[in-house]
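Report on one structure; see the data block that follows.
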Amino acid sequence: MAAQQSLFADDPPDWEQDAAGEALTATVVMAGAGGGAAGEFDYLVPDQLADPRNPETRAEPGRRVLVPFGRGDRRLSAYCVAVGVKPRGARRLKSLLEVLDPAPLISESMLRLARWMAEYYLTPLGQVLETVLPAGVRGAAGTREVTLLSVPTAVAARLTRLELPEKQRRALESLAASTKPLSPPQLAKLADCTTAPINALRKKGLVESRVERLDTAQADELLAPTVERQQPKQLNKDQAHTLATILAALEAPQSQTVLIHGVTGSGKTEVYIQAIERVVGFGRQAIVLVPEISLTPQTVGRFRERFDHIAVLHSHQSDVERHRQWRRIAAGEIQVVVGARSAVFAPTPHLGLIVIDEEHETSFKQDTAPRYHAREVARRRAEAARAPLVLSSATPSLEAWVRADGPDPDALLASMPRRVGGLPMPDVRTIDLVQEAHGRGGRGAISRPLSQAIHASLEDRGQVILLLNRRGFSTHVRCPSCGYLLECPHCETALTFHRDTNVALCHWCDYREPPPRICPDCKSAGVNYHGLGTQKLEAEVRARFPSANVLRMDTDTMRSPGSHERALDAFRRGEVQVLLGTQMIAKGLDFPNVTLVGVINADSALHWPDFRASERTFQLVTQVAGRTGRGERGGRVMVQTFEPGHPAIAAAVRHDYAAFAAGELPEREALGYPPYGSVVRMIARGENAKLVEALLAKAADTIRRHGEEFDAMGPAHALRVIGPAPAPLEKLRGEYRFHLLVRSRDGAALHRVMQRVAAELEAPDGVRWVVDVDPVDMM
DNA sequence: AGCACGCCGACT
DNA sequence: GTCGGCGTGCTC
């Protein structure tokens, strides 16, 4: 009663009499970023939204509600995050207007997970919830609101005695005669009239209406392809041991993390599929996270062969499709969810296991707010569900590695150092590009030894994979007389020349212009094309190996849906002899006839301004090397590099992860970088470089000020601010970008400081800033 | 984000 | 004396 009063703002406030009383209160957060209103707000729950007889309109946590907000009482959609009886404070609360969802969309445990994310990633809870809940679910995609009309019994009884205009009478009689409720258009058609007379009837109260949400399609059955069921494979000793480790973790009372470190081709997937079979066997669900790029029909097919009810979630799905999958998962109809990063939020009612395949992949970190890492979110979810988390990689992130193999491990390590079927690891050798340049090696991207190896492989009817991690034809366009470099006007990065479309293209903002015939600066005729991209490599391969079928895979050629599968199918069938491309060919492919892998330039990422540059290089070379030697014909790898002695490259050549880790970890330790410390990055951008830099300078001061108390506690807790400095991508889409890095061995201290700084920092107009907790991208 | 409040200059 | 400029700050 009391609650209803405040629906009408002009009524005399009832709290004066009831000030000491209590009221049913809903705590909400505004949907999305909340337009700056990031905090939690309390509203009274009116009686009609607390009625247990009306479960569809009951306010409860996990449902969205409509609330009046601000001075103008704007109607905003918000997430209810708590309901409870609270003492009336001095402030007079407004009341909820409506409950929008007929049932909670977010469970209590998912809400706790979202709260943790909001806290840890310094993002408003409302924005986190928009990420947890797919857009298709929020908009109830694939369903439609329909108005259903019926005739009240009392009206039907005196139907013949009513005096009505002709059209209205016909419509009313048709509706009364119908066995089921009809929508206005249906009735209009039946009674051969427009909706006007029907509306008149509704107004008079002779026809009653209710609104329902119905599915627009029920195509589930049509979409599930039939596949032949496969039996579990016989495991070898390493695999059996790894499976036993996971099964032991399943029986543990608390969540356990298991790191499967298995070389490429060691049969990791079969192991965790068998673990999932156990989990499914006792009525629980499993979530398998894979990098988006490996969500190919091949990967998905392996799961379809083994499980009856799987759901696949990826970014190319329509809202309707995603919504349908989401509901099937929530209903418990699904055994295994396979998906990219955001599948970590799949609403499985009884989660029994989470697997993260290719755990080291950077795509598990979201690059927009909330900038969460699926590995960390999965860890929290697994802990809450008391379910194991299985991380799988041939090249584990050092973060995961230290947890499993460090001095104080909290994860189990399962090693699979051998390939299945007794296959040997491929022979890897480096080609020193410094020496090649001095010797008589031919010009171009492919050195003489690599060229000979390609010839040999092709002659032997083997297939070849060539990796070059730069798309386009030439990486820069320069005037030979004055040195002028063609740059993007918005990003100040070199434009890449794309020969197939004849444009100079910015890879960061997609700006494009025709390549100049004369130098824009000194007007001399002709410009030179420098640097190597996949298109130029393709041209070179075609020229040197005219008899081979060559296929290029990069984001330019793989744009259309299904092109990825078609390309890989053609390669699998042997129609293509040389597959070349960017890192998308480095990962997960398993083709037994590949007898040679060539890495065109292994050091391309080695000197990036990123403390993980070595790790990235090691991962890329190791992963692409793993694409060969997967059949009985064996395989070899040739790695072109200017730094054959670099520890990351030398370790990759020897397939020696432990050696790489042993070399890299002390450097991280010395500097307090992850996994021995935490890093937070702040990025600011705006059209005015001075203002952008000044904001970060102010941020740096604030960080230092708040950090003093931890600095005083000694080096194990001190904060170190690096920067501000221009970001590696100094100008992007017309905006100047600066960044600063803060690190500390004490992650909690760093987090506390950043929380305060984020709350305090005020940006001038035209400057935007973000905080990236645990960044994986330093550009 | 939006909207009201407030504290200064040009007008009835 | 008041109408309205948009700078500032709050929103349960």
Side-chain angles (χ1 to χ4, degrees), chain A residues 1-50 58-101 106 111 114-115 118-119 122-131 135 138 368-370 684-686 688 691 694-695 698 702 756-771:
Chain A
M1 245 177 311
Q4 278 182 19
Q5 288 273 344
S6 57
L7 268 177
F8 314 101
D10 292 333
D11 282 359
D14 52 68
W15 50 266
E16 283 173 30
Q17 306 93 298
D18 203 12
E22 294 181 319
L24 190 62
T25 306
T27 305
V28 309
V29 294
M30 300 308 152
E40 296 186 346
F41 297 91
D42 285 341
Y43 285 85
L44 295 175
V45 180
D47 286 352
Q48 74 270 19
L49 300 184
R58 245 176 61 206
E60 50 175 338
R63 298 201 208 197
R64 287 166 307 168
V65 291
L66 202 63
V67 297
F69 191 69
R71 296 173 209 266
D73 280 344
R74 267 175 309 143
R75 293 155 69 87
L76 290 186
S77 147
Y79 288 87
C80 177
V81 296
V83 173
V85 176
K86 279 195 179 180
R88 286 170 188 277
R91 169 193 274 279
R92 184 182 169 200
L93 301 183
K94 294 181 185 177
S95 288
L96 299 182
L97 298 172
E98 254 179 72
V99 171
L100 295 172
D101 301 311
I106 298 163
L111 208 48
R115 277 188 190 282
E119 227 264 329
L122 307 172
T123 307
L125 180 55
Q127 199 173 357
V128 173
L129 291 172
E130 300 275 85
T131 302
R138 276 182 269 133
T368 55
R685 61 188 166 92
N688 184 332
L691 288 179
L695 176 72
K698 190 169 87 181
T702 317
R756 291 180 208 156
V757 172
E760 253 178 58
L761 193 65
E762 278 172 34
D765 277 0
V767 181
R768 320 271 252 141
W769 58 274
V770 294
V771 181

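Reckoned from all heavy atoms, side chains included, excluding hydrogens, waters and symmetry mates. Every chain is numbered from 1, with letters handed out A, B, ... down the list of sequences.
- Separating the CG atom of A:Leu76 from the P atom of C:dC12 is a distance of 10 Å, rounded to the nearest angstrom.
- Using a 4.5 Å heavy-atom threshold, the side chains of A:Leu129 and A:Leu111 count as touching.
- Rounded to a whole Å, the CZ atom of A:Arg74 is 8 Å from the C1' atom of C:dT11.
- Atom pair A:Phe69:CZ and C:dC12:C1' shows a separation of 8 Å (rounding to whole Å applied).
- Nearest to the side chain of A:Tyr43, among B:dA4, C:dC12, B:dG2, sits C:dC12.
- Straight-line distance from the CZ atom of A:Arg75 to the P atom of C:dC12: 15 Å, rounded to whole Å.
- A:Arg756 pairs by the salt bridge (charged side-chain N to carboxylate O under 4.0 Å, His left out) definition with A:Glu709, not counting sequence neighbours.
- To the nearest angstrom, P of C:dC10 lies 15 Å from NZ of A:Lys94.
- Rounded to an integer number of Å, the gap from CZ of A:Arg71 to P of C:dT8 is 15 Å.
- Rounded to an integer number of Å, the gap from A:Phe41 CZ to B:dG2 P is 15 Å.
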With a 3.5 Å cut-off and sequence neighbours excluded, list the donor-acceptor pairs that the side chains of residues 759-767 of chain A form with protein atoms.
unit_1, atom_1, unit_2, atom_2, d
A:Glu760, OE1, A:Arg705, NH2, 3.3
A:Glu760, OE2, A:His706, NE2, 2.7

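- At least one side-chain nitrogen or oxygen of A:Arg91 sits closer than 4.0 Å to the OP1 or OP2 atom of C:dT11.
- Each of A:Val67, A:Asp73, A:Asp42 was checked for a side chain to side chain contact (heavy atoms under 4.5 Å, CB included) with A:Lys94, and the lone residue meeting it is A:Asp73.
- Rounded to whole Å, atom P of B:dA1 lies 12 Å from atom CD of A:Gln127.
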